[in-house]
Amino acid sequence: MDPTGKKTLCVVWHSRTGAARQMAMAAADGAREVVAELQAGDQLNIIVKKAHETGPSDLLQADGMLFCAPENLAALSGAMKEFFDRCYYEVLDRLNGRPYALMISAGSDGSNAARQTERICTGWRLKLIAPTHIAMMRAQTAEEILAPKTLGEPDREACKTIGGTMAALLL
């Protein structure tokens, strides 16, 4: 939280094949579009960080958070889980009530990774501001799973909407 009153949105992501990274960038784009539309460029910092580069201080300075990650083997990706593990206790009871949203890329389901992350965020007492968006990549073979992904336009628009909603809420 900025002492000048300027709000901060922190977008934290992990991606191995590109889909979750594209989701994070689309959400940040949506937030920027709302800031521009409201002519509020001096009122919101939008910070986009890889999960392994994000620490407790980033979360404590954020007024709202967007988390973007893939589901791997029916669970949250290891790198994103490590981010939550590393930060969890240091920010516990210090983020209460702050808004968050979640975007998951998945081969065919994604619900377990979403549930896992939502439970972590419930422990932090964050407030979910929109239904979790799960982008289905439909990857089922080893080759498809490991291949670079391209986020479809409907999923990109959904992520932009979530980012824009968060920006509007923070302004």
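Worth knowing before you read on, the calculation uses all heavy atoms, side chains too, and leaves out hydrogens, waters and symmetry mates.
The 12-atom threshold is not exceeded at CZ of R16, counting heavy atoms of other residues, nucleotides or ligands nearer than 6.0 Å. Residue-environment remark: CG (L128) exceeds the threshold of 12 foreign heavy atoms within 6.0 Å. Within a 6.0 Å sphere centred on CD of E153, other residues, nucleotides and ligands contribute more than 12 heavy atoms.
I104 is not connected to L73 by any chain of hydrophobic side-chain contacts under 4.5 Å among Ile, Leu, Val, Met, Phe, Trp and Tyr, and they are in different clusters.
Applying the salt bridge (charged side-chain N to carboxylate O under 4.0 Å, His left out) test to residues at least two apart or on different chains, none of the pairs has a partner in residues 106-119.
The distance between the ring centers of W124 and Y100 does not fall below 6.0 angstrom.
Separating the OG1 atom in T161 from the CD atom in E157 is a distance of 6.0 Å, to the nearest 0.5 Å. Note that OG1 of T150 is 11.5 Å distant from CG of D155, once rounded to the nearest 0.5 Å. Going from atom CZ of R21 over to atom SG of C68 covers 11.5 Å, rounded to the nearest 0.5 Å. For the atom pair CZ of R138 and CD of E144, the computed distance is 11.5 Å after rounding to the nearest 0.5 Å.
In the hydrophobic clustering (ILVMFWY side chains linked at under 4.5 Å, chained through shared members), L171 is joined by L9, V11, W13, M23, M25, V34, V35, L38, L44, I46, V48, L66, M103, I129, M137, L151, I162, M166, L169, L170.
Smallest separation of non-hydrogen atoms from Q140 and S108: NE2-CB, 3.2 Å.
Note on K6 versus D42: no salt bridge recorded, every NZ/NE/NH1/NH2 to OD/OE distance being 4.0 Å or above. For the pair D58 and K49, the salt-bridge criterion is met [side-chain N within less than 4.0 Å of a carboxylate O].
Between K149 and S105 the shortest side-chain heavy-atom distance does not fall below 4.5 Å. The closest side-chain heavy-atom distance from N72 to S77 is below 4.5 Å. Side-chain contact between R98 and M65: present, with at least one pair of heavy atoms (C-beta onward) separated by less than 4.5 Å.
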